[in-house]
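Questions regarding the structure given below will be posed in turn.
When a ligand or atom number is given, it counts from 1 through the structure's own listing order.
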Amino acid sequence: MTQKIMAINAGSSSLKFQLFAMPQEQVLAKGLIERIGHQDAQFTFAYHQQQRRRSLPVADHAQAVQCVLEALLEHGVIQRIEEISAVGHRVAHGGEAFNDSALIDDQALSEIETLGELAPLHNPVNAMGIRAFLTALPHAKAVGVFDTAYHQTMSPDHFLYALPYRYYQEMGIRRYGFHGTSHKYVAQTCADLLGKPLCSLRIISCHLGNGASLCAIQQGRSVNTSMGFTPLAGVAMGTRSGDIDPAILPFVAEKEKRTPSELNQLINSQSGLLGLSGVSNDYRDVEQAASQGNEQARLALAVFANRIRDFIGSYLVQMGGLDVLIFTGGIGENSRSARRSICARLQELGISLDDQRNEANQTFIQQDNASVRIAVINTNEELMIARDVMRVAI
Ligand code: ADP
C-alpha cells in the first residue's frame with residue numbers, strides 16, 4: 001500500500017520538506033520556508049511541476065509546519081493530514097546513542113536534546129522541528145535520521161583522538177563524522193548501478209559541497225571518515241579550515257587576544273576557500289577568479305584538491321585497495337575541473353579519469369582500462385530519509 005512520507009530538514013531559521021509516495025519513491029511536493037521568525041519569511045512550494053513562491057509572516061517552526069500542511073491541503077496534494085503516515089527528520093548529531101535511524105519516543109527526543117551539547121547549532125533546532133510535527137500530526141510516526149549514525153561502525157582505533165583517554169570517557173570527545181546519510185545513499189546507488197552487492201566493493205565517497213567530507217566504505221560500512229568531533233574537521237571547505245595544526249589556535253589567541261568563540265568563528269566561517277582566496281566561499285566564484293589569474297584563488301583550489309587527495313591515499317591504504325571513487329555534492333556533481341585536479345597523477349593507484357567522459361558529466365568517468373571506477377552520483381538525502389522511515393517505522 002502506498003504510504004505518504006515526509007522528509008524534513010529543519011535549520012535555525014528554515015524548514016525544508018519533501019513529501020514522498022513510498023515505496024514508489026515519487027516526490028508529491030517539496031519546498032522550503034526561509035527566514036522563520038520574520039514578518040517576511042519566504043515560502044517556496046513545488047508540486048506537479050508548478051512552483052509557488054510567496055512572502056508571509058512566520059513566527060516559529062510550529063507555524064512553519066502549519067503553513068506546509070495548509071499548502072499541501074490547499075493544492076490538493078493531500079485531502080486530509082492523516083494521509084501522512086510518518087515523518088523522517090534529519091538530525092545532526094546522534095552521538096553514540098544512535099547507530100541507525102530510530103523511531104522517536106519521549107526518551108529518544110530527550111536524548112537528541114541532550115546531544116545538543118555536541119551540536120549546539122543543530123540538535124536543538126532539529127528537536128524543535130520534531131516537536132512541531134508531533135503536535136501537528138499526532139497520528140504520524142516520527143523517525144530521526146542522524147548524520148553521524150552511519151559512521152558508528154568506525155573502530156575505536158579510527159575514532160579516538162590521541163588525547164588523554166578520560167576526554168573520551170567523560171566528555172565523549174572522539175570522531176563522529178557527518179554526511180552519513182549522503183555517503184550511504186551514494187554508495188548504495190553506485191553499487192546498484194554497477195549491479196554488484198555493496199558489501200563486495202571498497203568505496204571512497206567524496207561529498208563535496210559547502211561542507212565536504214570523505215568516507216571510506218568497506219563491506220557496506222563506514223570504516224573511516226574525514227569529519228570529526230564536529231563538521232569542521234577533515235578537508236578544506238567553503239568557509240571551514242578543515243584539519244589544521246591545533247597549536248595554531250592558542251598561538252593566534254595570544255597574538256591577537258582572541259576569545260574561544262572568536263577562534264571558532266575564524267575556523268568555521270572565515271577560513272577554507274573564502275579565507276585562502278579572499279574571493280568567496282563558493283567554488284564557482286573561486287574557479288572564475290583563478291581562471292582570470294587570481295593567484296590566491298588558484299592556491300585555494302590547489303589546497304582544496306590536495307587535502308582531498310591526501311584522504312583518498314590514506315583510505316586506499318586503510319582498505320588495502322579501492323574499487324570505486326564516488327563524487328557527490330554540489331562541487332563533486334558539477335565541477336569537472338575539481339574532479340580533474342583531484343584525480344590528477346593517481347594513475348599508479350588505478351585512478352585514471354577519462355577527460356571526455358568527465359567533461360560530458362557521465363555517471364562513470366574512468367578510462368576503459370582503469371582498475372578503479374570513478375562515479376558521479378547525485379546525492380538525495382531526502383529520499384534516503386524516506387527510505388529509512390519505511391525501513392524503521394512502516
Ligand atoms: P551544501 O553543502 O550547502 O548542500 P551544495 O552541495 O549545494 O552545498 O554545494 C555547493 C557548492 O557547489 C558551492 O561551492 C558551489 O560553488 C558548488 N557548485 C554548484 N554548482 C557548480 C558548478 N556547476 N560548478 C562548480 N561548482 C559548483
Side-chain angles (χ1 to χ4, degrees), residues 7-18 30-32 34 44 90-92 119 121-122 125-126 145 147-148 177-186 189 205-215 225-227 230-242 268-292 294 297-298 300-305 307-308 326-343 353 355 358-363 365 375-385:
I8 295 297
N9 188 348
S12 57
S13 64
S14 68
L15 186 86
K16 269 193 218 163
F17 67 93
Q18 279 195 31
K30 63 179 179 179
L32 164 71
E34 295 164 288
T44 311
R90 181 177 184 181
V91 179
L121 298 181
H122 297 106
V125 175
N126 301 150
V145 180
D147 275 21
T148 51
F178 297 85
H179 285 150
T181 311
S182 173
H183 290 304
K184 185 177 171 187
Y185 175 81
V186 295
T189 303
S205 158
C206 308
H207 179 114
L208 311 177
N210 270 318
S213 74
L214 276 75
C215 181
T225 192
S226 59
M227 284 180 170
T230 73
L232 173 71
V235 299
M237 307 177 213
T239 58
R240 292 173 237 172
S241 64
N268 270 295
S269 311
Q270 297 160 9
S271 297
L273 290 175
L274 171 67
L276 267 176
S277 70
V279 173
S280 167
N281 66 314
D282 191 289
Y283 195 89
R284 281 166 295 199
D285 297 344
V286 183
E287 255 183 339
Q288 196 187 353
S291 72
Q292 290 165 352
N294 182 322
R298 190 195 66 75
L301 297 179
V303 169
F304 180 80
R307 296 295 184 271
I308 293 166
I326 300 177
F327 287 103
T328 191
I331 300 168
E333 291 167 23
N334 296 298
S335 174
R336 288 123 174 110
S337 65
R339 296 192 299 251
R340 201 181 320 116
S341 50
I342 291 164
C343 293
L353 194 79
D355 279 331
N358 184 45
E359 287 305 317
N361 224 27
Q362 291 183 5
T363 304
I365 55 173
V376 181
I377 310 274
N378 293 347
T379 195
N380 192 340
E381 286 160 295
E382 292 76 15
L383 177 56
M384 193 72 233
I385 290 173

message = For Arg340, is there an ion pair with Glu359 - N to carboxylate O distance below 4.0 angstrom?
response =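 So Glu359 pairs with Arg340 through a salt bridge.
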task = Scan Asn281, Leu276, Leu301 and name whichever one has a side chain to side chain contact (heavy atoms under 4.5 Å, CB included) with Val286.
result =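 The single option meeting the side chain to side chain contact (heavy atoms under 4.5 Å, CB included) with Val286 is Leu301.
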request  = Examine ligand 1 and decide if any of its atoms is less than 4.0 Å from a heavy atom belonging to Gly211.
outcome  =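 Yes, Gly211 has heavy atoms under 4.0 Å from ligand 1.
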request  = Measure the distance from atom 23 (N) of ligand 1 to every protein heavy atom, then report the residue, atom name and distance (to 0.1 Å) of the closest one.
outcome  =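 For this ligand atom, the closest protein heavy atom is Asn334 CB, 3.3 Å.
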ask   = To the nearest 0.1 Å, how far is atom 11 (C) of ligand 1 from its closest protein heavy atom, and which atom is that?
value =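 Result for atom 11 (C) of ligand 1: Ile331 CG1, 3.8 Å.
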inquiry  = Under 4.0 Å and counting heavy atoms only, is there anything from the protein next to atom 4 (O) of ligand 1?
reply    =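 It does not; no protein heavy atom is within 4.0 Å.
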task = Look at atom 27 (C) of ligand 1 and find which of Glu333, Gln288, Arg284 reaches it with the closest heavy atom.
result =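 When every heavy atom of Glu333, Gln288, Arg284 is considered, Arg284 comes closest to atom 27 (C) of ligand 1.
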ask   = Which of the atoms in ligand 1, numbered in the order shown and given with their element, are less than 4.0 Å from a heavy-atom of Gly209?
value =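 Reading through ligand 1 atom by atom, the close ones are 2 (O), 5 (P), 6 (O), 8 (O), 9 (O).
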ask   = Nearest protein heavy-atom contact for atom 14 (O) of ligand 1: which residue, which atom, what distance?
value =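 Ranking protein heavy atoms by distance from atom 14 (O) of ligand 1, first comes Tyr283 N, 2.9 Å.
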ask   = Can you check whether Leu32 reaches Lys16 side chain to side chain, under 4.5 Å on heavy atoms?
value =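 The answer is yes; the side chains approach within 4.5 Å.
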ask   = Among all protein non-hydrogen atoms, which one is nearest to atom 16 (O) of ligand 1, and what is the separation to 0.1 Å?
value =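 Ranked first by proximity to atom 16 (O) of ligand 1 is Asp282 OD1, 2.5 Å.
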ask   = Any sub-3.5 Å donor-acceptor pair from Arg339's side-chain atoms to Asn358's backbone N or O?
value =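 Confirmed, Arg339 side chain pairs with Asn358 backbone.
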key: Between CG on residue Leu15 and CG on residue Asn9, distance to nearest 0.5 Å   =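 Those atoms lie 8.5 Å apart.
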key: Any Leu208 side-chain heavy atom under 4.5 Å of Tyr283 side chain   =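 Not touching, per the 4.5 Å side-chain cut-off.
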message = Quick test: of every protein heavy atom, which one is nearest to atom 1 (P) of ligand 1, and how far off is it to 0.1 Å?
response =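 Result for atom 1 (P) of ligand 1: Asn210 N, 3.8 Å.
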key: Top protein contact for atom 6 (O) of ligand 1, by heavy-atom distance   =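 Here the closest protein heavy atom is Gly330 N, 2.9 Å.
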Residue pair Thr225 / His179, side-chain donor-acceptor N/O under 3.5 Å =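 No donor-acceptor contact under 3.5 Å links the two side chains.
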